[in-house]
Every structure is written in C-alpha cells, then in structure tokens.
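For reference, the structure is listed below as structure tokens.
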There are 2 protein chains.
Amino acid sequence: MRVAMNRIPPQKMNATEQAYSIIRNNILTGKLAEGERLTETRLSGDLGLSRTPIREAIGRLIMEGFIDRQQGYTTRVAHFPQDEAEQVFEIRRLAECYSVERAARLATPEDIAELRRIHAAMKADTPPRDDAAYQRLTEANEAFHRTIVNAARSPRLTALMTTALDVSMVVRTYSMFSDKDLMRSLNHHEEIIQAIEARAPKWAASIMSAHLLAGAARVSERAAKPDPAKE
Amino acid sequence: MRVAMNRIPPQKMNATEQAYSIIRNNILTGKLAEGERLTETRLSGDLGLSRTPIREAIGRLIMEGFIDRQQGYTTRVAHFPQDEAEQVFEIRRLAECYSVERAARLATPEDIAELRRIHAAMKADTPPRDDAAYQRLTEANEAFHRTIVNAARSPRLTALMTTALDVSMVVRTYSMFSDKDLMRSLNHHEEIIQAIEARAPKWAASIMSAHLLAGAARVSERAAKPDPAKE
DNA sequence: TGGCGTGATTTTGCATGCAAAATGAGAGTA
DNA sequence: TACTCTCATTTTGCATGCAAAATCACGCCA
C-alpha cells in the first residue's frame, strides 16, 4: 500500500471499532492488496491510533479470515478466491432462508409492524428520485433484512450475518438496479411479510430465495465484463 | 460464578488464545452462567493474565455473540435460546452440505488421499476398544470434516466453521454413539469420499446431509432426559 | 416507603514500555 | 555464485498506567 489508505472515520465509534471497520473496508475495496504485509506499527501510524486498538482489530479480522498470520511475525492480507463474492452470497442465501423460516414461526406482532413500517418507507421511495432516495433505499433494505434476522431469535445467526456474511461483502448499493428491478424487489418484500403473517415458513423461505437470486442475477449481469469460461 | 472457573490451560497457546478458549469453554459448559456479569479485572485475576489478552478475547466473543455488551460498562454472558444447539446444528448442516458440494468439484487428489487416510484410521478404530480409541475417533472425525471444508477452497467458509459454527457447540464426543451408529457413520464417510471422487456434488451433499441428520437424531434421542430447572 | 441527586468507586478504552521472538542484511566460506 | 551463520533491527505479545465514562452506594427529600 503505497498510496494513502482510505481512513474516513465512520461516525462516532471507539478506536478499536474504527480500526476494525477501516481496515476491513480497505481490504474489501482492495486498497490493502491481497498478500500485502501488515504491521501494527505502520497501521497505527496510518490510522493515527496506538497499537492496542489496531491489535484488537487485526485479531478479529484474522478470526474472520480477512487477514492471515504466517508462521511467525508476518501478517498479510488474505488471498481471496475469485468466486469469493458468490460463495459468501450463497452461504448468506442459505442463512437468510433459514432466518426467514424461523421468523415466520417466531415473529412477534411488533416485528411484523416494524417490517411493515420499513416496507412502507421503501415504497414511498420507489422509484427513487435522487441519490438521497437511493441511499435511503439501500439503508431501509438492510434494515428490512436485519429485522427478519432478528425476528429469527438466534443470537448466533445474527452475529454471523453481521460479520462473516455482511452484505458489504456482496453488494453495497441499490444504484445498480433498474426501476423495474426495484419494483420486483419491493413486491418480494411485500410477499415475504405476507408469508410471515401467514406463519408459512416454507413460503417465506422460497420467496426470500427468489428475492436474493433475482438480485444476484442482476448483479452478475451487470458485472458481465469479458470474462469467458466458468459455468 | 462463585465456584472456580475451569482454567485448564490448553497446550501451548499465547495468552490471548488461552483466554479466548477458556472463557468460551466456560460459557459453553455453563460454568459462566447466562447473564452473569463479566469484568476484565476479575477474569484477569481468575486466569492469571493481564487485562490485555482478556480484553482481546472478550472482544472476539462479543463479535461471535457469546458475550453481550450492554449500554455502558456492563458486559454479560449472552443469553441463549433453548434451541440454540439445534439452530447452530442446522446452519452448520447447510454450510457443510455447501462445503462438500464445492469439495466435490474442487478437491485435489491430495485432498482425496487425505480423506482416505483419515477414513482408514477411523475404520481401524471402529468399533472402539477403549477410551483412547473414542478420543482418536472424535479427533479423526473432526479432521475428516475439516479436510472437506478446506477442500471447498473458501477461506470465509473455513473461518465460519471453525468459529461461529464450531462443532463443540453441538456435539463434543463420539462416546454417546453405539457401535451400530458408528458403523453407519463410517459408511457415510466412505460414500462421501466416493461422491467426491465421482465429482458428484449433489450426491455428496445428500449423503452429508443424511450423515449429519443421523447423528443429530441420535443426540436428541439421548438428550431426552427430565432436565430439572437448572442452577 | 420510594424516588432522586451526588460523589466515591469501579470499569473500560487506549497509550506506552519492555522482553522475547522473528526477520533481514551482511560478512565469511566453500 | 550460492550458502550459511551471526547480529542488529523489527515485530509481536503482554503488562501496566492513566483518564474518561459508567456504575454503585448513600443520604436527602417528598
């Protein structure tokens, strides 16, 4: 990393969380290149923090597989397979379907009301008129999915989804979708809520699966650059 | 936690990993009770370490959802739903099936040889003659599954399975299985290897699923005891 | 009794210091 | 040149210190 690492300090967080989120982001965006060696001292200099929070952040990222510790004192940005994003997406899809199945059984009226509230907000912004609307839509979408995961009442699942299977690893924004895509997505959300209200786990899971696969199809379509080979 | 926490120091690890693994274990076994408040100072006293490694361990356990940070300076052992184990098991099953699908496509001859080697060792110990054999069997079984996950060539998946979905959260030992169970399990392993050799992802996934569900059925059968109140 | 300030104490967050281990550069030898 | 051995430097692991924030105990007042 010769060029300065992106170190926008995300709102008010303590130093450890900042370090974690900045380093993670810089790995995800490639600003910290695969295989690049990391030292606590350099990172602490770059981020303007002491080594302690950097150490904690690195330790977590090692656990999550973003950073590798070689034999001794050598620490490097992990090397990712090309299909990393698809893999994460696929595992996430399995986990989300499982979540919504549980949510269909366990959601409280409050959970459902919350989903309806978020859904209404998204509806009001679809189709989005400006960048702010895209931004709101992206955030509301994340909130929608997060609410479902929470409704599954599984702390483990929640932890999984917010770290190892974080959306930021797959898609970051709604801005790549057409209005038609967004309408379909909205309808999916509507139907997911209905399935949860109907206490129909399989229905909910099926729609959720379709919902995610539809999004993925769109993403990989857009990403269709030269890239031959592959199934 | 009034009684002394179990602090068997697991082989040669650095202080942070020791702290992580000891605290995690004591949570899993209930020696650190749900909802119990944790302070760095007390833990560091109990484990004979300074606060630094304790802090790092706690940070990781919070990320994984074993420990909760309440609003301010209050940190507690997370509260687990009764069906926690089943949930973890179910998510793990999904992830393992996905792993073996990928493994069936991506496994190298070396991976397969390794699986055969482990399988042969397990065969030699089935049925197990003594406790040592049970111990070896348990470890070989973990190695078998770990080898498959590695063969899936997905660092993210590997990280997931070794932390959030760690087997220790579901079943810890083979000693609850009958000889007949163990034979069936061994046959599953054999067939999984065959499916991988045949490059048949779906076959591999199906057997894997059966393999895990068979084990789970046995576990929940045995677990069907009165279970009075809790401490 | 019950609720609410208020100050002492505890607890965390982070920086820093130091020792042990690992890395890397350079000299010496075949 | 290629290899290895040695030693200076770097790097990590951990303990400790200190300030800011939160918790807790206690007394006051209604």
Side-chain angles (χ1 to χ4, degrees), chain A residues 1-2 5 7-24 26-27 32-33 35-78 163, chain B residues 1-2 5 7-24 26-27 32-33 35-79:
Chain A
M1 185 197 63
R2 291 301 136 238
M5 194 162 78
R7 62 188 195 81
I8 42 166
Q11 54 227 28
K12 224 175 55 187
M13 278 171 154
N14 57 29
T16 299
E17 313 246 18
Q18 276 185 41
Y20 171 79
S21 120
I22 294 175
I23 297 171
R24 188 174 190 278
N26 280 286
I27 291 175
L32 287 171
E36 178 170 341
R37 182 169 181 189
L38 301 175
T39 69
E40 298 172 3
T41 315
R42 182 164 69 80
L43 285 171
S44 78
D46 288 348
L47 302 192
L49 301 166
S50 85
R51 278 181 50 221
T52 306
I54 302 289
R55 277 184 63 71
E56 296 189 9
I58 290 180
R60 296 181 197 182
L61 291 165
I62 287 175
M63 274 212 339
E64 294 183 69
F66 288 101
I67 292 180
D68 281 339
R69 180 88 74 208
Q70 281 168 346
Q71 62 269 29
Y73 282 179
T74 310
T75 306
R76 297 183 178 284
V77 175
T163 60
Chain B
M1 184 196 65
R2 289 303 137 239
M5 194 164 79
R7 63 188 194 83
I8 42 166
Q11 55 226 28
K12 224 173 55 185
M13 278 171 154
N14 58 28
T16 299
E17 312 247 16
Q18 275 185 42
Y20 172 78
S21 123
I22 294 175
I23 297 172
R24 188 174 191 276
N26 280 286
I27 292 176
L32 287 172
E36 178 170 341
R37 182 169 180 191
L38 300 176
T39 70
E40 298 173 3
T41 316
R42 183 165 68 78
L43 285 171
S44 78
D46 288 348
L47 302 192
L49 300 167
S50 85
R51 278 180 51 223
T52 306
I54 302 288
R55 275 186 63 71
E56 295 189 11
I58 290 181
R60 296 182 197 182
L61 290 165
I62 288 175
M63 275 214 337
E64 295 182 70
F66 288 100
I67 294 179
D68 281 340
R69 181 88 76 207
Q70 281 169 346
Q71 62 269 29
Y73 282 179
T74 311
T75 307
R76 298 185 177 283
V77 175
H79 174 81

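Chain A is the first sequence line, chain B the second, and so forth, proteins listed ahead of strands; every chain is numbered from 1.
Distances shorter than 4.0 Å separate some side-chain N or O of B:T16 from OP1 or OP2 on D:dC14. OP1 or OP2 of D:dT23 lies within a sub-4.0 Å distance of a side-chain N or O belonging to B:T74.
Rounding to whole angstrom units, CZ of residue A:R55 and C1' of C:dT16 are separated by 13 Å. Between the CD atom of A:Q71 and the P atom of C:dA21 there is a distance of 16 Å, given to the nearest Å. The interatomic distance linking B:R69 (CZ) with D:dT23 (C1') rounds to 14 Å, in whole Å. Rounded to a whole Å, the CD atom of A:Q70 is 16 Å from the C1' atom of D:dT10. When rounded to the nearest whole Å, the span between CZ of B:R76 and P of C:dT12 equals 12 Å. Summarising the geometry, the separation between CZ on A:R51 and P on D:dT12 is reported as 7 Å, rounded to the nearest angstrom. Between the C1' atom of D:dT10 and the CD atom of A:E40 lies a distance of 12 Å, rounded to the nearest Å. For A:N14 and C:dT11, the CG to P distance is 19 Å, given to the nearest whole Å.
Counting non-hydrogen atoms under 4.0 angstrom, A:I54 reaches nothing in the nucleic acid.
A salt bridge does not link B:E36 to B:R76: none of the charged nitrogens lies less than 4.0 Å from a carboxylate oxygen.
Checked by distance alone, B:T52 brings a side-chain donor or acceptor within 3.5 Å of a matching partner on the base of D:dT16.
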Between the protein and nucleotides 4-10 of chain C, which nitrogen or oxygen pairs are less than 3.5 angstrom apart?
none

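Nearer to the 5' terminus of DNA chain C, by closest-nucleotide assignment, is the contact made by A:S50 (compared with the other of A:S50 and A:G72).
The CD atom of A:E56 sits 11.5 Å away from the CG atom of A:L49 when rounded to the nearest 0.5 Å. Atom CG in A:L61 sits 11.0 Å away from atom CZ in A:R69 (nearest 0.5 Å). Taking CG from A:L47 and CZ from A:R42, the interatomic distance works out to 9.5 Å, rounded to the nearest 0.5 Å.
For A:D68, the side-chain contact (heavy atoms from CB on, under 4.5 Å) partners at least two apart in sequence or on another chain are A:A78.
Between B:Q70 and B:T75 there is no side-chain heavy-atom pair separated by less than 4.5 Å.
Between B:R37 and B:Y73 the shortest heavy-atom distance is NH2-O, 3.2 Å.
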